[in-house]
Every structure is written in structure tokens, then in C-alpha cells.
There are 2 protein chains.
Amino acid sequence: MRADAVRSRRRILDAAREVFLERGLDAPLDLIVRRAGVGPATLYRRYPDREALVRDLTGDLLTRLESAAETAAAVDDDAFAAVRRFVHAAADLRMGAAILVLLEGLVVDEELVLIRTRAANTVETLIQAAHETGRLRRDVGMGDLVLLSIRLSRPLPGGLDRLDPDGSLLHRHLDLALDGLTAASSDEPAATAGPGVPLTFADLITAAARPTTAG
Amino acid sequence: MRADAVRSRRRILDAAREVFLERGLDAPLDLIVRRAGVGPATLYRRYPDREALVRDLTGDLLTRLESAAETAAAVDDDAFAAVRRFVHAAADLRMGAAILVLLEGLVVDEELVLIRTRAANTVETLIQAAHETGRLRRDVGMGDLVLLSIRLSRPLPGGLDRLDPDGSLLHRHLDLALDGLTAASSDEPAATAGPGVPLTFADLITAAARPTTAG
DNA sequence: CTTAAGCGGAGAGATTTTCTCCGCTTTCAG
DNA sequence: CTGAAAGCGGAGAAAATCTCTCCGCTTAAG
């Protein structure tokens with residue numbers, strides 16, 4: 001693959017992630033083209049249709065996500081610290097794009113499902129370990145963490161993103177929120193949230209699966 | 001005002017809030033019409049242009065928001081509980097719409113600014129009281145709370161909203177996150193987030209103000 | 001029961017979006 | 001350095017979407 005082609009692909013993928021997050025998966029490709037600073041032909045040449053683009057973007061993000069999970073598991077001794085690291089990394093990748101895109105029902109691709117499963121397993125292991133150390137609330141599951149990461153890292157409308165040009169506010173808010181997910185110790189009055197049911201990754205997938213076959 | 005007109009207005013306003021949150025302030029009015037289940041003429045008859053709609057929506061939400069703040073202040077003895085109640089109420093109203101709309105630069109209307117200021121003052125009082133009880137972290141300001149409420153209550157793309165048909169998950173996550181905003185007591189190991197600077201409401205306004213006069 | 005206010009659908013006109021053709025530029029192997 | 005193949009961007013036609021109005025029917029309220 002030629003060097004300039006690689007560059008274009010990266011630009012398009014980055015732009016697509018932002019635009020899809022801001023405007024939804026059916027945003028005009030035109031916007032992506034403009035944000036990427038490439039000509040329309042460059043996009044259409046590589047991706048014959050919208051789905052091809054979505055597929056490539058998903059694969060890209062999932063791969064990076066999985067490697068983030070592995071890094072987190074390898075670097076931190078403490079399981080909760082590893083979870084924390086992973087959530088931050090996921091937010092940096094704007095995992096929301098991967099998830100929403102992945103689950104919009106477009107992807108039946110076996111290879112992607114494989115990557116997804118592998119990433120999910122790695123993270124699940126991390127979370128179980130954190131549960132066992134007692135630092136992570138038992139009623140907080142992977143679904144909760146994923147949702148948290150999606151919500152806090154999603155681009156905001158109305159220029160509010162200017163509040164956080166370098167992402168430091170995002171990470172600060174993530175840290176604060178993560179503190180709310182720690183298990184209450186016996187004498188800690190802070191945790192006022194009642195007990196609940198952990199949200200699993202499978203819950204997310206089920207929810208996002210288009211009700212195509214239903215009815 | 002005739003009863004069916006009142007009903008139409010309510011439908012349109014509710015639909016507009018959702019659509020603006022999902023697609024941004026320049027979403028097609030057509031979508032709003034469709035979601036509201038009314039004819040296009042019904043919208044255009046009441047609102048000659050987009051701005052009129054935005055203005056009415058903003059006023060509606062801000063008024064309700066202010067009354068939520070007052071209720072919270074009146075009902076709860078504990079200041080932190082009042083803040084908590086207010087944040088939940090704000091999320092129910094999808095405050096995000098009010099804020100984004102307010103701040104997208106459209107509103108120069110004196111009346112709206114007045115309502116906004118009144119609402120902000122009420123909330124600010126609540127927050128200061130919560131700071132003084134020592135239960136709310138000093139480095140968490142109104143801007144942080146507003147942002148949190150916006151982020152957690154914003155509609156999600158890709159069918160993920162099906163996870164939470166009745167809003168209970170939203171409130172659960174809010175509670176968890178709010179627990180992260182409590183002040184660390186001397187022997188509490190949970191709060192790992194380092195100290196930071198509180199985000200004020202003014203910060204939000206400044207950030208969102210369109211750089212119209214700039215340049 | 002009258003009457004005026006309000007409603008929704010059809011659709012013309014304007015705008016936006018998709019997608020391709022083609023001449024110019026960049027990469028890279030030899 | 002040079003040639004050839006791969007890649008690029010802009011212009012713009014065709015299709016799709018969006019805006020906004022006219023008008024005959026329905027509903028509310030006195």
C-alpha cells in the first residue's frame with residue numbers, strides 16, 4: 001500500500017469516527033470527506049459503500065481496543081488499577097464509535113466477531129479480578145463500564161467540547177466517576193447508590209441488535 | 001389556547017428536544033414533525049422559523065429546570081441530598097437540550113437570560129451548601145455537575161437506549177457517579193482522583209458562546 | 001349547533017448528498 | 001533520476017432530502 005494511501009485511510013477513519021459519533025451512523029459521507037480534508041473520490045475509491053467504511057472503522061477500533069486491554073492487564077499489578085487504565089484508554093479511542101458501529105446490526109462479519117469476542121474476554125477477566133480484590137463494586141459489570149466510557153468520551157454538541165481541548169477534563173471526570181464505582185467499605189458513608197444488577201457486555205449486544213428478524 | 005393546540009405544542013417540544021439532542025441543533029425539522037406525529041403545517045404555523053422553536057423549547061426547559069432546583073432546595077434538609085435530587089431531576093428533563101440550545105449562540109433574548117440566571121443562582125446556592133457540609137468535593141463545581149447530567153442523560157446512538165426503557169439505569173449510573181463526587185474522608189481509600197479545579201457555569205457559557213464577534 | 005381555530009397531507013421548489021469522470025500529482029522500483 | 005502506475009482532488013450530473021405553503025377536513029368551545 002502506497003504511503004499516501006495509508007495517510008488518506010487514517011484521515012478518513014479518524015474523521016469518520018468523529019462524524020459518526022456526532023451525527024449518527026447515517027451521517028452524510030460528505031461531512032467525513034470534508035473533515036478528513038480529502039476529495040470525495042478518495043473515499044469512494046477505497047470504500048464502495050457506507051458499509052465497507054463502517055466495517056473498516058470497526059475493525060480498526062476493535063483491534064486497538066483489544067491491545068489496550070492487553071496492555072492494561074500486563075502493566076498494572078492491581079486489578080482495579082488495570083480496569084481504570086483500560087477505561088481511560090477506551091475513552092481515548094472513543095470506544096463509543098466501535099460499539100455503536102459494531103452493534104448497529106451491520107456487522108455479521110465473522111472476523112470482526114472474533115476480534116470483538118477476544119477483546120471482551122480480556123476485559124471480562126480484568127473485571128472479574130477487580131471484583132475479587134473487592135475494590136470494584138460487584139454490581140458493576142462490563143456493560144456499565146463500557147456505557148460510562150461511551151458517555152463520557154462522546155463529543156458534545158454546541159461547542160461545549162472547547163471546554164476540554166486536550167482531554168484532561170475527560171480523564172478527570174472519568175476518575176471521579178470511577179471512584180463512585182468502588183466498593184463501599186464497611187465504614188464508608190460515601191456510597192449512597194443502592195445495590196443493583198451489573199450490566200453485561202451481552203446486554204449491550206442484545207440491546208443494540210436491530211430488531212430485524214423480530215415482528 | 002385551544003386544547004388540541006396545547007397538545008400539539010407539547011408533542012412538538014418533546015420531539016424537538018430529543019431530535020436536537022440526537023442530531024444537533026440543525027437537525028431537519030422534518031424529523032421533529034415525524035417524531036411528534038403531527039403534520040408539517042402544525043409546526044410551521046406555530047413557529048415561523050427554526051429560531052422561534054428553539055426559543056420556545058429553551059424557555060420551556062429552563063422554567064422547568066428552575067422549578068426543579070427550587071423543589072430540591074425545599075424538600076431536602078441535607079444539602080448534598082438536594083444536589084443529588086436536582087441532578088436527577090435535571091437528567092429527567094434532559095437538561096442537555098436546554099444547555100446546548102441556550103448556548104449555541106442563538107439566545108440573546110433578555111427574558112431567557114433572566115430565567116437562566118435565576119436557575120443558575122438557585123443551583124449555585126445548593127452547591128455551596130453541599131460544599132460546606134463537606135460531603136461534596138470542593139473541586140467539583142456546577143459546571144461539572146451540569147456536564148455530568150448532560151452526558152449521562154443524552155440519548156445514545158445505535159439502539160443502545162433500549163437498555164433503559166424506563167430511565168432506571170440512568171438514575172442508577174447517576175447515583176454511582178455522584179458517589180464519586182463525594183469528598184474523601186480522612187480514612188477513605190476509594191477516592192483516587194487527584195484534586196482538580198471546579199468547572200463553573202460561567203465556564204460552560206464561555207465555551208459554548210459562538211465565536212461570532214471574535215476574529 | 002355554529003363558527004372559528006386548528007389539523008394533516010400533497011407536493012413545488014430549494015438545498016443537500018451521492019458518486020463518477022478525468023486531468024494532475026505523488027510514490028517508488030529500477 | 002526517471003518512468004510508469006497508483007493515487008489524488010475538483011467539478012458537476014443525478015438522486016435524495018428538506019423546507020414551507022395551500023387547502024379541504026376535523027375538532028374544540030361557546
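What's counted below: heavy atoms across the whole structure, side chains too, no hydrogens, waters or symmetry copies. Below, read A as the first sequence line, B as the second, and so on, with proteins coming before strands; counting in each chain starts at 1.
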Short side-chain N/O contact to C:dT18 OP1/OP2 from A:Arg50, under 4.0 Å | yes
Quick one: is C:dC7 close enough that its OP1 or OP2 comes under 4.0 Å of any side-chain N or O from B:Arg2?
-> no
Can you tell me how far C1' of D:dC20 sits from CG of B:Leu43, to the nearest Å?
-> 10 Å
Send over the distance from A:Arg46 CZ to D:dG9 P, rounded to a whole Å.
-> 11 Å
How long is the line joining CD1 of B:Ile32 and C1' of D:dC18, in whole Å?
-> 12 Å
Within the distance-only criterion (no hydrogens, no angle test), does the side chain of B:Ser149 pair as donor or acceptor with the backbone N or O of B:Leu145 below 3.5 angstrom?
-> no
Result for 5'-nearest mapping on DNA chain D, choosing between B:Leu29 and B:Asp4, is B:Leu29
To the nearest Å, give me how far apart CE (B:Met1) and C1' (C:dC7) are.
-> 13 Å
Could you give the distance from CG (B:Asp4) to OG1 (B:Thr42), rounded to the nearest 0.5 Å?
-> 9.5 Å
Ion pair B:Arg10/B:Asp60, N-O distance below 4.0 Å | yes
Calculate the interatomic distance between B:Asp26 atom CG and D:dT17 atom P; express it in whole Å.
-> 18 Å
Between C:dC7 atom C1' and B:Arg11 atom CZ, what is the distance in whole Å?
-> 11 Å
Answer yes or no: is there an ion pair linking A:Arg35 with A:Glu22, defined by an N-O contact shorter than 4.0 Å?
-> yes
Gap between atoms OH and P, on B:Tyr47 and C:dC7 respectively (whole Å) = 11 Å
So, is B:Arg7 near the phosphate of D:dA28, with a side-chain N or O under 4.0 Å from OP1 or OP2?
-> yes
Would you tell me if any nitrogen or oxygen in the side chain of A:Ser8 comes within less than 4.0 Å of OP1 or OP2 on D:dC8?
-> yes
How many angstroms lie between CE in B:Met142 and CG in B:Asp144, if you round to the nearest 0.5 Å?
-> 11.0 Å
Tell me which of B:Asp49 and B:Arg45 sits closer to the 5' end of DNA chain D, going by the nucleotide each one is nearest to.
-> B:Asp49
Expressed in angstrom and rounded to an integer, what is the separation of B:Tyr44 atom OH from C:dG8 atom P?
-> 14 Å
Which part of the nucleic acid does A:Pro40 contact within heavy-atom distance under 4.0 Å: base, sugar-phosphate only, or nothing?
-> base
Selection from C:dG8, D:dA28, C:dC7 that lies nearest to any side-chain heavy atom of B:Ala41 | C:dG8
